[in-house]
Protein chains: 2
Amino acid sequence: MGLSIRQIADLAGVSRGTVDRALNNRPGINPQVKAKILALAAETGFRTNRAGKILGIRKTPLTIGIQMPSIGNEFFREVRCGIDRAAAELADYGLTLSIREMKGFSVGTQITQIRSLLAEGVNGLALAPVDHPDVIALLEDLAAARIPVMTMNTDIAGGPRLGYVGNDYTRSGAIAAGILGLMTDGRPLRTLIVTGSKQVLGHNQRISGFCQAIRQRYPQISILDILENQDDDRRSGQIVREALARWPEIDAIYLTAAGVAGACQACQEFAGGRQIERQVRIVCNDQTPGIMPYLLDGTIAASIGQEPFRQGYEPVRLLFEYLLDGTLPPPLTLTRNEIMIYEHFFKEAL
Amino acid sequence: MGLSIRQIADLAGVSRGTVDRALNNRPGINPQVKAKILALAAETGFRTNRAGKILGIRKTPLTIGIQMPSIGNEFFREVRCGIDRAAAELADYGLTLSIREMKGFSVGTQITQIRSLLAEGVNGLALAPVDHPDVIALLEDLAAARIPVMTMNTDIAGGPRLGYVGNDYTRSGAIAAGILGLMTDGRPLRTLIVTGSKQVLGHNQRISGFCQAIRQRYPQISILDILENQDDDRRSGQIVREALARWPEIDAIYLTAAGVAGACQACQEFAGGRQIERQVRIVCNDQTPGIMPYLLDGTIAASIGQEPFRQGYEPVRLLFEYLLDGTLPPPLTLTRNEIMIYEHFFKEAL
DNA sequence: CTGAAAGCGCTTACAG
DNA sequence: CTGAAAGCGCTTACAG
């Protein structure tokens, strides 16, 4: 076990209070004394003990604010589970959470909710930021005010934040191509890409990764078109129906975002109507309730998950450790791209 | 925040020491008083605060013993990383680890090492048990002595243990079949299964899961033979070479265990010698250094991982929580079957 | 069988 | 600017 603050105090010939002032950058300490204590701490490899610290600060507990577009969003339901788990585990260690949820991505609401968290006096913030100048400006204010921010699920381009926990979207797209590549065995594969929105960075990164992988390794895969469904099932179904009518030779569809069920329905109708054996292969993302039936009935060949639970759990935990003793999180915590197929879920014979 | 032991003491009209005796089943307390305190604790929803407990027991710290066949075993190297991480995180909370490693699965060594850990006075144990009556007998002694045991990576059939953290082998096999199923698109696929040993439960469970999935969903997949390579690369290469000579029509090989590199080499020679375009598809397990080159050069179509890091991390953590305040771990913590393909690792364009 | 005291490692007012 | 004291929630000898 390491040294305690008391031992450092004895070595330095000062009181524990003074060591505390030196170690925690508190005001009211002679710079010389401070330097001496810090040097001593460094050479003895002193690390402040977490259990002691937790108990010591119990009267002024830590609060972390959460802000995210989780209302009516199936994906974020699982992120929320991760957040709740972290909250339960860290409650004993004095952590409190304050959560603000919104429906959809709204710049105004996001800013209002962040401000309301700040008014509550949160010590840190985890959020899924909207990529907008006003939000970035607010994050810059937060950085100036020394309030640490973790981004979750989506990162902010160039904006200041302590760290990001979420998907590696480019690789996710490459993996989608890799799955289709496995299925073609060298034969040509005509693919339709259905994306959420060309305004959303993550969706574009997936497309980019998909195209890079094709270029590098799967010349047999061709892209017929890239269409937007605005993450909407109805629109998604309509787009896919039209595409199938126009290009009945479609072999596969890659969906970068939501609207999966709509696309699946359209494909099922198409297969049913034409009485064809050949099936359109669908690759999509995540494991939301809406896609499960299609994964279980074989309509979806594979879905690529992104550890949503961890996307909630880790930001809270990393923020807590930073607030507790200054432990810096990695700037990027990329969650695993989990390929999920039918056999991950089937129960029958096992 | 919940109540403290002091508040329970005040409510019950006793001292904190007495509350401590009641809550922790310590001797020397009037049964009536104990019952009263326990009732009070239950109705107020009292939970003992971990930070307080950790500091309180600091003079008699917790020690967990680890025993595993990790010497010269690439897979367990990553398990070890998880163990070390847990140790580092929990050191501040007073946890110490004592680790015994052995080369290969030896009943005698395992028992000797476990005994040596017990002689050291460890409070709990995490191990990858050899499935042998002597080991089970020892585990029964441990259970009688109230020493909690977590199994990691392999479970013990029917033996007493607090919980298991590791792969769901049956599902792992089913997923291997699912991957091959994706690649066939309904065309026949003649598969060779290369297993480690027909004496190892996990290997057999993988084969069983593979067969079940085929029966249920992939009638086009046929199994040519099931051969043993004893987890040895040389033997593995030899077996595969002979099999390819005998059945040149082999479409795919499923390896349930180690010896992957040997099999890959044999396939490469075969492809090179015959100048054929059609490639034997290989599906295997884990992400050891030996298989990475073959995953990166396309010889392996997919490898199924099993979160080795977590297999080390979780047992330590769950054991710690159990020892700290009696929190029971889930009996089964099944790690994810992570399908890994080329695109999970390629770096070129990203 | 029970209570009062001291201690784990740290922080927080409060004197000086 | 610095130290001594009290306290966070719990446990551990030690008296009685």
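Quantities reported herein were computed from a predicted structural model and do not represent experimental measurements. Numbers restart at 1 for each chain; the letters A, B, ... are given by sequence-line order, proteins then strands.
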* Structure fact -> Across all chains, not counting sequence neighbours, the side chain to side chain contact (heavy atoms under 4.5 Å, CB included) partners of A:Q287 are A:M292, A:M340, A:F345

* Any pair with a residue in residues 117-127 of chain A that passes side chain to side chain donor-acceptor pair (under 3.5 Å), sequence neighbours left out, goes on the list, sorted by first then second residue, please. => A:S98-A:E120, A:R100-A:E120

* Asked: Run the side-chain hydrogen bond (donor to acceptor under 3.5 Å, both in side chains) check on A:E101 and A:S70 step by step: do they pass?
  -> CA-CA 6 Å; A:E101 304 182 272; A:S70 44; 2.6 Å; yes

* **Interatomic distance where CD1 belongs to A:I37 and C1' belongs to D:dT2 [whole Å]** => 10 Å

* Structure fact -> Checking D:dC8, C:dG3, C:dC8 against the side chain of B:R58 (C-beta onward), the nearest is C:dC8

* Quick one: are B:T63 and B:L97 in side-chain contact, heavy atoms under 4.5 Å? -> no

* Taking side chain to side chain contact (heavy atoms under 4.5 Å, CB included) as the test, write out the residues that go with A:R26, two or more places apart. => A:D20, A:R21, A:N24

* Please, which pairs that meet side chain to side chain donor-acceptor pair (under 3.5 Å) have at least one residue in residues 149-162 of chain B, sequence neighbours excluded? -> B:T151-B:D155, B:N153-B:Q311, B:D155-B:R161

* Structure fact -> Rounded to whole Å, CG of A:N49 lies from P of D:dC8 at a distance of 19 Å

* Asked: Taking only residues two or more places apart in sequence or in another chain, which ones pass side chain to side chain contact (heavy atoms under 4.5 Å, CB included) with A:R47?
  -> B:D92

* side-chain N/O B:S4 vs D:dC8 OP1/OP2, d < 4.0 Å -> no

* To do: Dot-bracket notation for DNA chain C is requested: 5' to 3', Watson-Crick or G-U wobble pairs only, both distances under 3.5 Å, with ( ), [ ], | and . as defined.
  => |||.||||||||.|||

* Structure fact -> Checking D:dT11, D:dG9, D:dG3 against the side chain of A:S15 (C-beta onward), the nearest is D:dG3

* Is A:T60 near enough to C:dT12 that one of its side-chain N or O atoms lies under 4.0 angstrom from OP1 or OP2? -> yes

* Would you mind listing every side chain to side chain donor-acceptor pair (under 3.5 Å) that reaches into residues 28-46 of chain B, with sequence neighbours excluded? => B:N25-B:K34

* To do: Only pairs at least two apart or in different chains count here, so list each salt bridge (Lys or Arg N to Asp or Glu O under 4.0 Å) that has a residue in residues 136-146 of chain A.
  => none

* NZ of B:K53 versus P of C:dC10: gap in Å, rounded? -> 21 Å

* Rounding to a whole Å, what distance do you find between A:I5:CD1 and C:dC8:P? -> 14 Å

* Taking NZ from B:K36 and C1' from C:dC1, how many angstroms apart are they, rounded to a whole number? -> 15 Å

Grab the N/O contacts between the protein and nucleotides 5-7 of chain D below 3.5 Å, and write none if there aren't any.
none

* For atom CZ of B:R50 and atom C1' of D:dT11, their distance in whole Å -> 17 Å

* Return the value, rounded to whole Å, for the distance between atom CD1 of B:I54 and atom C1' of D:dT12. => 17 Å

* Let me know the distance between OH of B:Y93 and P of D:dC10, rounded to the nearest Å. => 16 Å

* Asked: Just wondering, do A:L95 and A:E89 contact through their side chains at under 4.5 Å, heavy atoms?
  -> no

* **Partner residues of B:A51 under the side chain to side chain contact (heavy atoms under 4.5 Å, CB included) criterion, sequence neighbours left out** => A:I54, A:L55, A:Y93, B:N49

* Asked: Under a 4.0 Å heavy-atom cut-off, which of residues 19-33 of chain B touch DNA chain D?
  -> B:D20, B:N24, B:R26

* Got a sec, which pairs hit salt bridge (Lys or Arg N to Asp or Glu O under 4.0 Å) with one end in residues 320-335 of chain A, sequence neighbours left out? -> A:R50-A:E321, A:R50-A:D325

